[in-house]
Student: 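My questions will all concern the structure given below.
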Amino acid sequence: MSRTLFVLGPVLMVSAVLAADVKQPESIDSLATHRQVAVISMADQERPLKINAFCLNGNDQIVAACGNGPGEIRLIDQNGTILRWWSVAVKPEAVHVADDETILVGGEGKLFRFSSDGKELQQAESPHAAALRAGTEQLRKEAIQVLTRSSNTLGARIELYERVIAQLEEKGKKGELNDQEQRMLNLLPQTLEQFRKQAALQPEQDEKSGPSEEAIQQQVANLIKSKMRISSVSSGADAVFVATRSQQGYGYDVWKMDREFSAGKIIVTGLRGCCGQMDVQCCRNGLFVAENSRHRVVRYDADGAEVTSWGKQDRSGVDGFSSCCNPMNVCFNKAGEVFTAESGTGRIKRFTADGEFVSYVGDVDLVPGCKNVSIAVTADAGKVFMLDLTRNHIVMMKPGSAAKDADADTAADGRTEGR
């Protein structure tokens with residue numbers, strides 16, 4: 001059995017605790033073009049694995065990247081039945097179905113291409129992985145900066161988390177915890193323990209001596225592991241694109257390669273994303289980036305030249321994108337329209353390729369948070385799918401107004417289980 005451990009960063013956790021009582025944006029059901037009709041859960045009781053990302057193939061079947069490494073690619077129908085699966089040597093972090101129906105997979109600095117029936121056709125190191133290994137001196141400098149900065153705040157964080165946990169435990173004894181606070185109480189002790197372990201690796205030393213060599217090497221290893229992650233993979237007629245963390249700092253880059261995963265070069269740099277998430281997807285109209293920390297979608301041509309951008313931060317989510325960092329994900333229908341997904345509200349919107357607003361699709365019922373919410377639509381947009389990472393299922397929507405449909409409440413609560 002494989003298990004995914006969710007660790008929230010200090011800013012996100014404290015914000016979640018403080019914002020527990022903040023009223024969320026109202027539903028836009030009355031304006032929505034689609035309503036939630038089913039929840040797709042995999043029938044995988046013998047080998048349950050976490051869904052990391054998904055997309056659709058040409059038959060509108062779900063292609064899911066699952067597990068922590070080694071992982072699996074699973075082909076799933078809309079009842080949750082696993083039709084086919086095959087192993088991947090790494091944690092599959094991103095997945096994409098190319099125009100020729102081959103399946104691209106990225107994870108832990110590796111790229112794969114599989115046939116539609118799971119035969120491995122290609123495997124290569126992602127171009128950013130080689131660049132990271134060649135830049136260890138720069139990573140060392142970054143590691144020292146991180147350790148020097150964190151050593152001044154680690155003790156304060158430990159005290160803060162201890163205090164928050166104590167407060168939540170006291171509320172729990174009185175039976176006053178809401179669902180969000182209970183989730184926080186389940187997660188905070190894990191992060192607190194990590195902070196304590198970090199503190200134990202930092203022996204007492206004067207300011208001139210700086211971090212220990214052991215701490216520096218460990219931090220370099222942590223940076224490499226984090227930056228090896230492949231946030232998204234996509235392809236055009238003759239190119240493959242991957243989004244990865246930048247070699248320096250906390251931004252993101254887009255790399256372009258040929259179909260053989262060679263001749264890699266950076267075509268976009270300086271993108272800003274939150275929580276390891278940067279979704280970059282390709283269609284005939286170019287590259288579209290869900291630059292969540294800037295609350296916008298950016299459209300580039302295939303060589304990385306910016307064509308246009310749209311979006312702004314908006315608490316209500318009416319004219320812009322809501323929550324701290326959105327939109328998180330994008331996808332397209334056959335007409336080339338752009339669908340955006342917001343992880344804080346489950347909100348889906350529809351735009352032209354030039355950024356003109358078309359319609360609200362609707363709000364998906366999901367556990368909010370700063371995370372990947374992979375989204376996919378059928379060619380005619382008759383069905384829309386979104387990943388609820390926390391609940392490990394995929395929500396399906398169909399055209400219809402939940403506010404006006406008499407059986408909407410029943411449908412929204414419906415669960416489609418694989419048989």
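Start at 1 with the first residue, then count along the sequence. These numbers come from the heavy atoms of this one structure, side chains and all, not from hydrogens, waters or symmetry mates.
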Student: Is it true that K110 and E93 have a side-chain N and a carboxylate O under 4.0 angstrom from each other?
Tutor: no

Student: Taking 4.0 angstrom as the limit, do R296 and E291 come out as a salt bridge?
Tutor: yes

Student: What verdict does the side-chain contact (heavy atoms from CB on, under 4.5 Å) test give for L111 and V242, after you've listed the backbone C-alpha separation in whole Å, the side-chain angles of each residue and the deciding distance to 0.1 Å?
Tutor: CA-CA 9 Å; L111 294 171; V242 294; 3.7 Å; yes

Student: If you measure from CD on E342 to CG on D363, what distance do you get to the nearest 0.5 Å?
Tutor: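 It comes to 8.5 Å.
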
Student: Search all heavy atoms of V358 against all heavy atoms of F351 and return the closest pair with its distance.
Tutor: CG2-C, 3.7 Å

Student: Do E181 side-chain atoms and K171 backbone N/O form a donor-acceptor pair below 3.5 Å?
Tutor: no

Student: Please test V364 against D388 for side-chain contact (heavy atoms from CB on, under 4.5 Å), starting from the C-alpha separation and ending with a verdict.
Tutor: CA-CA 9 Å; V364 165; D388 187 340; over 6 Å; no

Student: Enumerate the residue pairs fulfilling salt bridge (Lys or Arg N to Asp or Glu O under 4.0 Å) with a member in residues 221-235, sequence neighbours excluded, ordered by first and then second residue.
Tutor: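 Salt bridge (Lys or Arg N to Asp or Glu O under 4.0 Å) check on residues 221-235 returns E142-K227.
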
Student: Within the distance-only criterion (no hydrogens, no angle test), does the side chain of S235 pair as donor or acceptor with the backbone N or O of A239 below 3.5 angstrom?
Tutor: no

Student: How close do A129 and G109 get, counting heavy atoms only, and between which atoms?
Tutor: CB-O, 3.8 Å

Student: Between CE of M396 and OG1 of T378, what distance do you get to the nearest 0.5 Å?
Tutor: 10.0 Å

Student: Considering all heavy atoms of both residues, which atom of F54 and which atom of A376 are nearest to each other, and what is their separation?
Tutor: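 What the structure gives for the nearest pair is CE1-CB, 3.8 Å.
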
Student: Looking at every heavy atom in both H128 and W255, which two are closest together, and how far apart are they?
Tutor: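 Here H128 and W255 meet closest at CB-NE1, 3.5 Å.
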
Student: Just by distance, do the side chain of K50 and the backbone of T390 share a donor-acceptor pair under 3.5 Å?
Tutor: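 A pair under 3.5 Å: yes.
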
Student: In Å, rounded to the nearest 0.5 Å, how long is the span from SG of C66 to CD1 of I51?
Tutor: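 One finds 5.5 Å between SG of C66 and CD1 of I51.
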
Student: Over all heavy atoms of both residues, which pair between V233 and G106 is shortest? Give the atoms and the distance, please.
Tutor: CG1-N, 4.3 Å

Student: Please check: side-chain N/O of N57 versus main-chain N/O of N59, any donor-acceptor pairing under 3.5 Å?
Tutor: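 The answer is yes, because a donor-acceptor pair under 3.5 Å joins these two groups.
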
Student: Donor-acceptor pair, distance only, cut-off 3.5 Å: does the side chain of H96 make one with the backbone of S232?
Tutor: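 Flag not set: sc H96 to bb S232 has no pair under 3.5 Å.
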
Student: Would a distance-only check, ignoring hydrogens and angles, find a side-chain to backbone donor-acceptor pair under 3.5 Å from T340 to P327?
Tutor: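 No, the answer is negative, given that no donor and acceptor are paired below the 3.5 Å cut-off.
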
Student: Which heavy atom of V105 sits nearest a heavy atom of V95, and at what distance?
Tutor: CG2-CG2, 4.3 Å

Student: Quick check against the 3.5 Å criterion: does D77 have a side-chain atom that pairs as donor or acceptor with the backbone of N79?
Tutor: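 Pair found, side chain donor or acceptor close to backbone of N79.
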
Student: With a 4.0 Å cut-off, would you call R299 and E306 a salt bridge?
Tutor: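 Result for this pair is no, no salt bridge flagged.
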
Student: Can a donor-acceptor pair be found, under 3.5 Å and without considering hydrogens, that links the side chain of S359 to the backbone of R350?
Tutor: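 Between the backbone of R350 and the side chain of S359 there is no qualifying donor-acceptor contact (under 3.5 Å).
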
Student: Is the shortest side-chain N to carboxylate O distance from R113 to E120 below 4.0 Å?
Tutor: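 No, this pair does not count.
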
Student: Is it true that R74 and E72 make a salt bridge, defined as a side-chain N closer than 4.0 Å to a carboxylate O?
Tutor: yes

Student: Mind checking side chain to side chain donor-acceptor pair (under 3.5 Å) for S87 and listing every partner two or more places apart, or none if nothing turns up?
Tutor: none

Student: Would you say K256's side chain and A302's backbone share a donor-acceptor pair under 3.5 angstrom?
Tutor: yes

Student: Does the distance from a Lys or Arg side-chain N to an Asp or Glu carboxylate O, for R391 and D365, drop under 4.0 Å?
Tutor: yes

Student: Stepwise, does the salt bridge (charged side-chain N to carboxylate O under 4.0 Å, His left out) test hold for R259 with D100?
Tutor: CA-CA 12 Å; R259 286 181 54 85; D100 62 2; 3.0 Å; yes

Student: Could you give the side-chain donor-acceptor pairs of residues 281-290 under 3.5 Å, partners two or more places apart or in another chain?
Tutor:
unit_1, atom_1, unit_2, atom_2, d
Q281, NE2, D279, OD1, 2.8
R284, NH1, K334, O, 2.8
R284, NH2, A335, O, 2.9

Student: Given 3.5 Å as the limit, does a donor-acceptor pair link the side chain of E101 with the main chain of G58, or not?
Tutor: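 Looks like yes, one N/O pair under 3.5 Å.
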
Student: Determine whether the aromatic ring centres of Y161 and F195 lie less than 6.0 Å apart.
Tutor: yes

